[in-house]
Asks: 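Below you will find the structure I want to go over with you.
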Amino acid sequence: MRLENEVAVITGAAGGIGRETGLLFASEGACCVLADIDEELGQRVASEIVAAGGQAVFFRADVSSAADCDAMVRVAEETYGKLTILFNNAGVMMADDGDAQSTSEATWERTMAINLKGVFLGCKYGIPALQRAGGGAVINTASFVAHLGAATAQLAYTASKGGVLAMTRELAAIHARQNIRVNALCPGPLRTKLLMDFLDTEEKKQRRLVHVPMGRFGEAAEMARAALFLASHEASFVTGTEFLVDGGITSAYVTPE
Ligand code: NAD
């Protein structure tokens, strides 16, 4: 097993990437603290893991709250004795996120509070726990949109993910000699609730797929496998990277057919 003796906190673990990562990490031997605001779905993921013979607890946490982030890390240490993997994955894409004129201040602030401050707070409380454990891995979910400008505007979301990449690089440099690796996972467009709610018509979905060389949306399980690599000792010399798992979208330009 690739994560034997590891203890992970996974945020946004009730659905999408977080859920699949919880299932995969637990099947690879990690004890998992599943953090999310969605109590019902989160509890269900924990039950699924336990039913399959794995170890997991659900903890209700809003990543934009310092008290909740502090508490979720303490749950890991109190329940499983330590924290060695921190997956800051929770994120939102607000329906009215648009261009500079149309994006409301409220949407800007909520997006930043969850997508950017949430990663900061996870690290603020999680990194001291990794230090107490003698080291570990941090994975921050960014996005391919932090690498490309898109005509389908979502300015607050894109800016928040750019911040996640910048923060990841700096944290990687700060903690590199403490046996703590910090990497970003940059998914391409995925068939998860977050994006399917945003691209809410077939036309919008097809408009996005035009840009993906593989011609399909990615799956949450494919991101979980990438997160597993970054979390595992197989990635022992990997830090500060922006791991693009995107079906080639950032490597191609599109010509009209
Ligand atoms: P999802 O909507 O399926 O899952 C996100 C989870 O985060 C949900 O369970 C939700 O309840 C939880 N969440 C929302 N706000 C929270 C908060 N304040 N505190 C704690 N949990 C909260 O989405 P997903 O596609 O699995 O997204 C996971 C991450 O991947 C996000 O950071 C997202 O921005 C990023 N991402 C997604 C795509 C995509 O196309 N879906 C592409 C690139 C990056």
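Remember, it's 1-based here, ligands and their atoms both numbered in the order they're listed. A quick note: this is a predicted structure, and the numbers were derived from the prediction, not measured.
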Asks: Heavy atoms only: which of Tyr157, Phe144, Phe87 lies closest to atom 36 (N) of ligand 1?
Replies: Tyr157
Asks: Would you check whether Ser143 has a nitrogen or oxygen atom less than 3.5 angstrom from a nitrogen or oxygen atom of ligand 1?
Replies: no
Asks: Which ligand 1 atoms, with their elements, are less than 4.0 angstrom from a heavy-atom of Val92?
Replies: 14 (C), 15 (N)
Asks: With the threshold set at 4.0 Å, does a side-chain nitrogen-carboxylate oxygen contact exist between Glu222 and Arg216?
Replies: yes
Asks: Against ligand 1, does Thr11 come closer than 4.0 Å with any heavy atom?
Replies: no
Asks: Is Ala220 touching ligand 1 with its side chain, its backbone, both, or neither, if touching means heavy atoms under 4.0 Å apart?
Replies: neither
Asks: Between Pro189 and ligand 1, find which residue part has any heavy-atom pair under 4.0 Å and reply side chain, backbone, both or neither.
Replies: backbone
Asks: If I compare all heavy atoms of Met112 with all of Ser160, which pair ends up nearest, and what's the gap?
Replies: CE-N, 3.6 Å
Asks: Starting from atom 29 (C) of ligand 1, which protein heavy atom do you reach first, and at what distance in Å?
Replies: Asn89 O, 3.1 Å
Asks: Nearest 0.5 Å please: distance from the CG atom of Asn115 over to the CG atom of Asn140.
Replies: 11.5 Å
Asks: Given that the side chain starts at C-beta and the backbone is N, CA, C, O, which of these parts of Leu190 lies under 4.0 Å from ligand 1, counting heavy atoms, or is it both or neither?
Replies: both
Asks: Out of Gly12, Ala113, Gly188, who gets a non-hydrogen atom closest to atom 38 (C) of ligand 1?
Replies: Gly188
Asks: Could you check Arg207, Arg208, His211, Lys204 and say which one makes a side chain to side chain donor-acceptor pair (under 3.5 Å) with Thr152?
Replies: Arg208
Asks: List the closest protein heavy-atom neighbour of atom 18 (N) of ligand 1: residue, atom name, distance to the nearest 0.1 Å.
Replies: Asp62 OD1, 2.9 Å
Asks: Among all protein heavy atoms in this structure, tell me which lies nearest to atom 23 (O) of ligand 1, with the distance rounded to 0.1 Å.
Replies: Leu194 CB, 3.2 Å
Asks: Does even one non-hydrogen atom of Phe217 get within less than 4.0 Å of ligand 1?
Replies: no
Asks: Atom CG of Leu121 and atom CD1 of Ile114: how far apart are they, to the nearest 0.5 Å?
Replies: 11.5 Å
Asks: Going by the order shown, which atoms of ligand 1 are within less than 4.0 Å of some heavy atom of Ala90?
Replies: 20 (C), 21 (N), 22 (C), 32 (O)
Asks: Judged on heavy-atom distance to atom 10 (C) of ligand 1, which of Asn115, Asp36, Asn140 sits nearest?
Replies: Asp36
Asks: Any Lys/Arg nitrogen of Arg44 or Glu40 sitting under 4.0 Å from an Asp/Glu carboxylate oxygen of the other?
Replies: yes
Asks: What are the two closest heavy atoms between Ser104 and Asp96, and how far apart are they?
Replies: OG-OD2, 3.5 Å
Asks: Salt bridge check, Lys82 against Glu77: does any charged N sit closer than 4.0 Å to a carboxylate O?
Replies: no
Asks: Kindly give the heavy-atom pair with the smallest separation between Cys186 and Leu165, and that separation in Å.
Replies: SG-CD2, 3.7 Å
Asks: Write down the atom of Cys69, the atom of Asp62, and the distance for their closest heavy-atom approach.
Replies: SG-O, 4.5 Å
Asks: Quick check on contacts: which atoms of ligand 1 are under 4.0 angstrom from a heavy atom of Thr141?
Replies: 29 (C), 30 (O), 32 (O), 35 (C)
Asks: Any atoms of ligand 1 less than 4.0 Å from a non-hydrogen atom of Ile114? List them with their elements.
Replies: 18 (N)
Asks: Looking at Gly135 and Ile180, what are the two nearest heavy atoms and their distance?
Replies: CA-CG1, 3.9 Å
Asks: For ligand 1, which atoms sit closer than 4.0 Å to a heavy atom of Lys161?
Replies: 31 (C), 32 (O), 33 (C), 34 (O)
Asks: What do you reckon, is CZ of Arg132 surrounded by more than 12 foreign heavy atoms closer than 6.0 Å?
Replies: yes
Asks: For Gly16, counting its heavy atoms only, list the atoms of ligand 1 lying under 4.0 Å from any of them.
Replies: 3 (O), 26 (O)
Asks: Going by an N to O cut-off under 4.0 Å, is there a salt bridge joining Arg225 and Glu20?
Replies: no
Asks: Could you tell me whether Ile17 and ligand 1 have an N or O pair separated by under 3.5 Å?
Replies: yes
Asks: Looking only at protein heavy atoms, which one is nearest to atom 41 (N) of ligand 1, and how far off is it?
Replies: Thr192 OG1, 2.9 Å
Asks: Between atom OH of Tyr157 and atom OG of Ser143, what is the distance when rounded to the nearest 0.5 Å?
Replies: 4.5 Å
Asks: What's the shortest distance from atom 19 (N) of ligand 1 to any protein heavy atom, and which residue and atom give it?
Replies: Val63 N, 3.0 Å
Asks: Among the heavy atoms of Ala142, does any lie under 4.0 Å from an atom of ligand 1?
Replies: yes
Asks: Under 4.0 Å from a heavy atom of Ala61: which atoms of ligand 1 are those, numbered in the order shown and with their elements?
Replies: 19 (N), 20 (C)
Asks: Under 4.0 Å from any heavy atom of Gly91, which atoms of ligand 1 are there?
Replies: 31 (C), 32 (O)
